[in-house]
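Values reported hereafter were calculated over all heavy atoms of this structure, with side chains retained and with hydrogens, waters and symmetry mates removed.
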Amino acid sequence: MGIGRFDRHSGDRLHPDGKIPLPLALGLALQITGLVLPGIVLIPTIVFRAAGESEAVLLWAVFASLVVCGVTTMLQGLRVGRLGAGYILSIGTSGAAIAVSIAALEAGGTSLLASLVLALALFQFAFSARLSLFRRILTPTVTGTVIMLTPVTVMPFIFELLENVSKETNPLAAPLSAFTTLLVICGIVLRAGGTLRLWAPVIGIVAGSAVSGAFGLYDVDLIARASWIGIPEIAWPGLGLDLGPAFWVLLPAFLFIALICTIQTISGSVAIQRVSWAVPRAVDFRVVQGAVAADGVGNLLSGLAGSMPVGFRPTGASMVEITGISSRRIGITLGAVLIALSCLPKALAVILAIPGPVVAAFITITMATIFIIGMKVILQDGIDYRNGLIAGVSFWIGVGFQNGVIFPGFVSNFVGGLLQNGMMAGGLAAIAMTAFVELTKPRPSRIEVGFEISSLNEIRKFIGAFATRNGWDEAMAARLDAAGEETLLTLLDQEEVDDEHERRRLFLAARREGDGAVLEFVASKGEENLQDRIALLGEAGAEDPIEREVSLRMLRHLASSVRHQQYHGTDIVTVRVEPLRVVSGVRP
């Protein structure tokens, strides 16, 4: 398939399984590489040098980070079983782990760091398996806020790159290089289409590098000094199995970092799903679980190799927004490129030689896109005064902590100064407020029954008693009864009949919210998302069973909202039912 043919079939662009040509996948992967590579190389360099490790250990850590990030990025794109997202999720070295990694190296060397990173990986595996338990806390409002705070956290460091040039350089060199990069990329993305838009970042970087090269900013000597092929001397530290006091003292800090990295991955996997389909779909939390589990694999490999933690980098979603292509082949190719660069020092040097002002201009565009994606995540799930307050307050708390204007003396000494990171501070604030809202809600009524049609009578009695306790009239009670019945029938219709069917259970919780009621069904998993099916009613093909479509139409008519969250082994359907109101003599 040629690129021209691919462009004519634009409907295939926004599809994770889109079969794009290899040259296009390679070109887009190289663009993302330019974003993630400096962090993968520079962060472990800073950490291991600050801890006083030898040059051999440092070089091995950088090499291991490149390989592990490449393998994990490929796994995210491939999605092997329950490991991986099946989307473009780039992985890099975790900047949040800089302080704790230095502390571990100083306390017990690379073997202690390896043991702590392995503990971090085990935490992520456990979190992935039980992600549904945290669904009320890690809401779209929380994940969207974390995404919006990503540029707030990154941009202060990026803006420093604008002036990261020699004092002897012409004063116009940095601004002209950055402005050229910004102007070319924005101009192409805003006005061009088709193939030209896909290569906008590369064209902008080349143009900016050409201008910087004219002023002598492009480091040609770095490329000349690098060898063509080679890997560093193996300096594997081994595992510190003696879990002494230093391990237990540092373990809480590493588990905290694991939580932050996991929230970032959850936010990133939600964001990439939002932008990767031509027709918006409900978030599939099985994808989120796979993304977190793949991060766990990456940290497991990183611990075994003796390097520092790795985690999600927010570049895949922004590149999808800019280029309009979401094929996971790009993620797989990106991983392969990172692995190849670990053995090709000269190719690695070509990317690292790009001047700071050019990199800063490029990342500014991607961070602006990431901020908008975070806003979309919050808005697309629906926003009320509670969610608005949580997002707004948490965002500005993050901005304040990041800029050191909120009690800087206290914050710098609290939890090792981790709250100086705006994404952590704002994310924790959003989690705390969301948890407060959940804890102060009225306790719901609950029932557990067999997941089968014979349980319908028990469910109807339960819903009827719930309606009576809340003083609703017969019309509202009938709507609740019908909504409960239709939800159960639709869930049962998705299930395949097998030997395990009779052992499955259904948990139903009912609570009052304002004038309405919320019914939450927790059952075994199905393959289709009810939320998507209801949104697509009227567009279904002739192959759809009429009984299912009628049932879904009934559910849409009865409920003011239906939210379907799918996890491995668990389906959670939340149905909100409002009482009928007469407005100007017309029923809604």
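- Applying the ring-ring contact (aromatic ring centres under 6.0 Å, His included) criterion to Phe127, with sequence neighbours excluded, gives Phe123, Phe134.
- Listed by chain and number, the residues in a side chain to side chain donor-acceptor pair (under 3.5 Å) with Arg511 are Glu513 (sequence neighbours excluded).
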side-chain contact (heavy atoms from CB on, under 4.5 Å) between Thr72 and Val297, intermediate numbers included: CA-CA 7 Å; Thr72 311; Val297 171; 5.7 Å; no

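- Shown here are the side chain to side chain contact (heavy atoms under 4.5 Å, CB included) partners of Leu122, two or more places apart in sequence or in another chain: Phe125.
- For the salt bridge (Lys or Arg N to Asp or Glu O under 4.0 Å) condition, no pair includes a residue of residues 426-437, sequence neighbours left out.
- To the nearest 0.5 angstrom, Trp277 atom CH2 is 11.5 Å from Ile272 atom CD1.
- Put simply, the side chain of Ser327 never gets that close to the backbone of Asp17: no donor and acceptor are under 3.5 Å apart.
- At least one side-chain heavy atom of Ile365 sits under 4.5 Å from a side-chain heavy atom of Cys186.
- By the ring-ring contact (aromatic ring centres under 6.0 Å, His included) test, Phe371 is found to be paired with Phe395, residues two or more places apart in sequence or in another chain being considered.
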Ser101/Leu113 under side-chain contact (heavy atoms from CB on, under 4.5 Å): CA gap, chis, key distance, verdict: CA-CA 7 Å; Ser101 297; Leu113 175 63; 4.0 Å; yes

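- Within the 4.5 Å cutoff, side-chain heavy atoms of Phe401 are placed close to those of Ile397.
- Annotation: side chain of Ile378 is in contact with side chain of Met148 (closest heavy-atom distance under 4.5 Å).
- In this structure, OG1 in Thr33 is found 5.0 Å from CG in Leu338, a value given to the nearest 0.5 Å.
- Judged as a ring pair (Phe, Tyr, Trp, His ring centres under 6.0 Å), the pairs with a partner in residues 284-331 (not counting sequence neighbours) are, in order, Phe285-Tyr567.
- In this view, Ser90 and Ile32, Val36, Arg313, Thr315, Leu334 satisfy the side chain to side chain contact (heavy atoms under 4.5 Å, CB included) rule, not counting sequence neighbours.
- In terms of heavy atoms, Asn299 sits closest to Pro309 at OD1-CA, 3.2 Å.
- The side chain to side chain contact (heavy atoms under 4.5 Å, CB included) test applied to Leu30 returns Leu26, Val337, not counting sequence neighbours.
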Steps toward side-chain contact (heavy atoms from CB on, under 4.5 Å) verdict (Ile188, Ile203): CA-CA 9 Å; Ile188 294 175; Ile203 296 172; 3.9 Å; yes

Anything under 3.5 Å between a donor and an acceptor, one on a side chain of residues 432-439, the other on a protein residue two or more places apart or in another chain? List them.
unit_1	atom_1	unit_2	atom_2	d
Thr434	OG1	Ala430	O	2.7
Glu438	OE2	Lys441	NZ	3.2

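- Residues that satisfy the side chain to side chain contact (heavy atoms under 4.5 Å, CB included) test with Ala85, not counting sequence neighbours, are Gln76, Tyr87, Leu89, Val287, Ala291.
- Interatomic distance, CZ of Arg386 versus OG1 of Thr141, reported as 11.5 Å (0.5 Å rounding).
- Annotation: the span from Leu75 atom CG to Ile91 atom CD1 amounts to 9.0 Å, rounded to 0.5 Å.
- Heavy-atom minimum distance, Gly427 versus Val146: CA-CG2, 4.0 Å.
- Listed by chain and number, the residues in a side chain to side chain donor-acceptor pair (under 3.5 Å) with Ser128 amount to none (sequence neighbours excluded).
- For the residue pair Met74 and Ile332, the shortest heavy atom distance occurs at CG-O, 3.4 Å.
- Note that the CG atom of Leu251 and the CG atom of Leu120 stand 9.5 Å from one another [nearest 0.5 Å].
- Between Ile88 and Ile325, the shortest heavy-atom contact is CD1-O, 4.3 Å.
- Taking Thr265 as the reference, Asp295 meet the side chain to side chain donor-acceptor pair (under 3.5 Å) condition, with sequence neighbours excluded.
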Working for side-chain contact (heavy atoms from CB on, under 4.5 Å), residues Thr139 and Ile390: CA-CA 11 Å; Thr139 64; Ile390 291 172; over 6 Å; no

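- Once rounded to the nearest 0.5 Å, the distance linking CZ of Arg329 with CG of Leu78 reads 11.5 Å.
- Checking side-chain atoms of Ser302 against main-chain N and O of Gly298 turns up no donor-acceptor pair under 3.5 Å.
- Closest of all the heavy-atom pairs between Leu506 and Ala523 is CD1-CB, 3.5 Å.
- Shown here for Ala121 and Leu300, the closest heavy-atom pair between the two residues is CB-N, 3.5 Å.
- Counting heavy atoms from C-beta on, the side chains of Gln124 and Cys261 come closer than 4.5 Å.
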